[in-house]
Every structure is written in C-alpha cells, then in structure tokens.
Q: 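Here it is: the structure, laid out below.
Along the sequence shown, residues carry numbers from 1. Whatever order the structure lists them in is the order used to number ligands and atoms, beginning at 1.
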Amino acid sequence: MCGIVGYTGNEQAAPILLDGLARLEYRGYDSAGLAVRDGEKLAEVVKATGKLYHLADKTDQGRALPGACGIGHTRWATHGDPSMVNAHPHVSGNCSGSGSGQVESDVVGVHNGIIENFTELKEKLLHHGYVFYSDTDTEVVVKLVDYYYKKYKIGPVDAITRTMVRVRGSYALALMFRDYPGEIFAARKDSPLIIGTAQDASFLASDVPAILKYTRSVYYIGNLQVARVSPGQAKFYDLNGDEVALPLTEITWDAAAAEKGGYEHFMLKEIHEQPAAVRDTLNSLVKEGRVVLSDAGLTDDMIRSLTQIDIVACGSAWHVGMAAQYVLEDLACLPVRVELASEFRYRSVPLTEHTLVVVISQSGETADSLAALRVAKERGALTLAVVNVIGSSIAREADHVLYTLAGPEIAVATTKAYSAQLIAMDALAVQMAWVRGTVSQERYEKMLEELCTIPDKIRRILEEKERLQWFSSKIVNAHDIFFIGRGLDYAISLEGSLKMKEISYIHSEAYAAGELKHGTISLIEHNTLVIGVLTQSLLFEKTVSNMMECKSRGAYLMGVTTNGHFDLEDSADFTVYIPKTDEHFVASLAVVPLQLLGYYTSVSRGLDVDKPRNLAKSVTVE
Ligand code: F6R
C-alpha cells in the first residue's frame, strides 16, 4: 500500500509532488509528507496526518517549499499508527521529534511495501549507534542504506544494492542523498514503481496517473533493480551494480480517463463506464464471430488438455471467480475450484500441468494474489492472469495474460473492473466449451451474440438509477442487510453485499439462500432488510420461499430479478427488474442495481464514497 512520487527538474518540485500524490491517494490516505531540496541545501521535510489537503494547506499548496528536487508519500499504515512521527519521508539522522524540518541527514527516503525482517535489522543498527524516532520499517531501511553508504563509501547505488540483499519483503523506495543534489535514487521489489522522463525533468510514481500530466514516456523498473534519476534522464542497475538497459514505454491512454469527468464521485463515473469497459474488453477478445485467445497465448491444445481450473483472487475479484465457477462448470464441464488467494498460498492444493490456475486482479499488484500465482507456478500449474493494469507484477509473472480493458479505476470500491473481469471470464468459458466440444456451433454463436448485447443492457439499467436512489434513502438507517441467492445468484449476492458494506459501513452479509435456516435466520427481526437475487429460473421459486421465511419473521424484502418475473411483486416490498439475457451471463446485469444501491446509500449517509475508511485500492501487503 502507500503511494510514492518523485520529481527532479527546473520547476518548483512541491506543487508537482502534491499533484501526483493527489492521484495516488487511492493507495492510502492516513498521512502524507514531502522532502524537497533547494540546490545544495539540506532537504526540508514536511509531514501532516490525515488526508492530503492538510499537507497542501501546511505548505501553501507547495509554494512555501522551495527547491526543484523532491520526493513525496501518501501513507496507509502497516508498521506504526498513522501519526506525524510515522509519516514519511524518513531520515537517516539521529534526530528527535518526527524527523521533519531541515534535517541533518545524509539519506532521506519514502517507501511503499513491508520490510519483514525490520526488527532484526533495527537491532543491528541500534548496535551501531543509530537512534530511532518512529515505529516504521521504512526508517530502518533508510538508516540501513545510510550505514552501508558510510561504511563502503562507494556511492548510493552500491549502498542501496547492499541494503536490498539484506532486507526481506517488498518495497518501492525513493531516496535522496545529501551529496547528490538534483538526483533521486530508487529501487523496487514486488511493489509498483515507474519512472517517467521529459525534456528537462524526471518523475517517479507508484502509478501512471500521477505523472501523466507531465509525460507519457515511462520506464517500468524491474524487480530488484535500482534507478539513478536526474533531470530528463534515468539509469538502471542490477543487484551487482551493473548498468542495465530498459525500454522506454509510451503510455497511450487518455489522462482525462483518470479524472472525474463531471460526476460527483469516481465510483459513479466508473459505474457509468461499465458499458464501455465491457464492450472494450469483449472487442479485444471476440473477433469475426470467434473468441480469440491467441493474444493471451492460450492454444486449443492447452484448453483440451485441462482437467481442472483453480481460480484464485481476493475480494471482488474472488466474487468474479465465484460467478465464473458456475459458468465454466456448466458450459465447459470442467471441475472448478475458487480459492481466496490469502488461503491458497498456504495450502497444499494438489496441482498438475493440466491444472489452469487463473489469477484475477484489477491492480495486478495484490500481494496475496501475486504470492498465490508464484505458488501455482512453482507447483507446475499453467497460469493465466486476468488483469487490468498493463505491466503490473501479476501480468508480468503469469505464463499467460488476458487483459481487461476497464481503464484506470480510481474509486476504492471496484465496479467497472469487476464487470470487465466478469465478461472476460464469460468469454473464456464460452470458448473453452466450444474447444472442448461441450456446446454446438449454433449454441456457441448464439452465446457470443448474447454477450455482445450486454453493454447495451447495462446502459438500460443505468437509465433507471433514480429508483435505486429513492430506495437507498429509505434504507439509510439500516443496521443489517442480508443478500441472498442460489447458484450464480449467490455469487452476485456476495458482490452486492461487499459493495454495500465497504462504502456505507452498514453491516451486511451474503448467504446462499438455502443456508439461512441453518443458523443465520435467527438474526432476522422486524424490518431487517433482506435482498433476494433471483435470476436463475430453476431456482426462482426456491429463493422466493427462503425470502418468505424471512418475511414471516418480520423482514422487509427487496428483490432483483429479470423482466417477466412480475409475480415477485406479490412477495417483495420493492422489486428491481433487469433485462433478460442468457442466464449464464446475468451477473453482469444483476450486479449493476446492487452497485447503485451501495453507492447511493453511502452518499445518503454523507460518507467518503471514493475513499472509504481503512481501505486502499491496491493491497500490496499480506
Ligand atoms: C472491493 C475491492 C476489493 C478488490 C480486492 C482485489 O470493492 O475492490 O475487494 O477486488 O482488493 O484487488 P485486485 O483486483 O486489484 O487484486
């Protein structure tokens, strides 16, 4: 977690750094800080707790901090509480206080990631006379760099590579050295970091939107590599200190795509971008009436040789896996397991070269998903990443990659990336069914035609959003909400429930409708809201019965079903209809009213929709 930025050039650095941090706040927002150097002078460090605007106020939007070279950080606490003393940047000097002001230090740094052996390293440094002011692992790394810098006196790159050999864990580091004004040194392992160059300036950031306004020319620094960055130039080194050449990549996507575009919140904008995200993803996969998986490197022979699919992911991406399980099993007749990445990585799940492990991730940086991918590769499985962020760690490390084309997703709660993942998995299932001969040519063509109607059907649901807005105002004071469904509807309920609780802070649970009576139904009391998802015709009556069991215990009922099931109105107090589609693909439609309900409930409660408390967009810690 956390976001880091850096700038060196001819302009005043602080306003540029603050602007970059504003675009990275989704990575964490409990405190922030800057370190800026004015020529040869010592670095000036300024920190503030809370959201970024506190830091901006403190520095007069950056204007009060002179200097054309600097680094910045927005934090999501891992080691140490969110306080001034733990906020980054951290310094190598033995200072008292929080390490801010003009600090007598040879090294100043910011860090994203976790140093696992920081206690042991801290012991070593204490032994060598270092004094610590914070509880962070970052202060330990900065001081360790300082230790090697002074001990071997060969320069920053050498000090950093020696440190990299000693630390365990993940990091993206940006460091400034007192003896090297105008330069920033960086290193990464398993945490994202990019370096952009322009005419007379260079930029560092955890993610592309932070620098897109200034440059589109970007280096993706590799794992265990070091960068030496000066205005308009970047050099890269491996762990031996040997220079390595990296390709310069041109970012082609639009900067406006990362802005709010007139919507009140990024989440609402991204909900409305779903037709485009789904269409673009489908268009990249369906060509001339066929799903083409050759870009992802999946051949028909590979698909035929499979005996098992394991889908591994976290959070909403795991919910996509849950939905895809029903579709893959039913269409391609393959056994499918869906695993939480944080569990999978520590289990001894038997895998063979005939197992396809599909890792689904928007960011491509989720630590547990990345670790699960590595475990799957070690155990000899074939791996496929379904990823949104191009060049991300999961995309780079998987055997095969299928990119979703949702564009940058800024709101912490995922919507358009979820929908893009879902459609990609549906297309994959349809193609696997065709290749494995479990569906006829006619059925295959019909399903592809149906998939292509999904974007327009989502658009039609969005046109009805005022009904959800009205209903959300009625449930704004709810204490508990239960989402229930069977089969694919259970997978949809999982996502509906997560959308509700993560942004509205109303307790909510998703339950397989038939399971309620085995314990949870005791929680249902007068006016408890129960939301039933009923899109599977074979299971419709059964879920209605389960909803009625709740109603007879006082529950207030909402139902989401497909057009035509008007009899649901006899049981439910509020019903939402979605257009008809092939029942395998219905999750793409049924989730939309549930996203809108979560969104409007959060807005009605006056909450920070795009940045819910305690969360960060990209979970790069275990
Ligand atoms: C919820 C949400 C999270 C993510 C999860 C995985 O709205 O966004 O549950 O789905 O943290 O993230 P990625 O897909 O980046 O691996």
Q: Assess whether a salt bridge exists between E339 and R347, defined as any Lys/Arg side-chain N lying under 4.0 Å from an Asp/Glu carboxylate O.
A: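 Salt bridge present between E339 and R347.
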Q: For K189, enumerate each residue passing the salt bridge (Lys or Arg N to Asp or Glu O under 4.0 Å) test, keeping only those at least two apart in sequence or located in another chain.
A: none
Q: Under a strict 4.0 Å criterion on non-hydrogen atoms, which protein residues are in contact with ligand 1?
A: C314, G315, S316, A317, S361, Q362, S363, T366, V412, A413, T414, L498, K499, E502
Q: Among F266, Y263, Y599, find the one that has a ring pair (Phe, Tyr, Trp, His ring centres under 6.0 Å) with H272.
A: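 Testing each of F266, Y263, Y599 against H272, the sole residue satisfying ring pair (Phe, Tyr, Trp, His ring centres under 6.0 Å) is Y263.
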Q: Answer yes or no: are there more than 12 heavy-atom neighbours, outside H479 itself, under 6.0 Å from its atom NE2?
A: no
Q: Between E270 (side chain) and A411 (backbone), is there a donor-acceptor pair under 3.5 Å?
A: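 Flag set: sc E270 to bb A411 pair under 3.5 Å.
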Q: Surrounding NZ of K474 (heavy atoms of other residues, nucleotides or ligands, distance under 6.0 Å), is the total greater than 12?
A: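 Atom NZ in K474 is not crowded, with 12 or fewer foreign heavy atoms closer than 6.0 Å.
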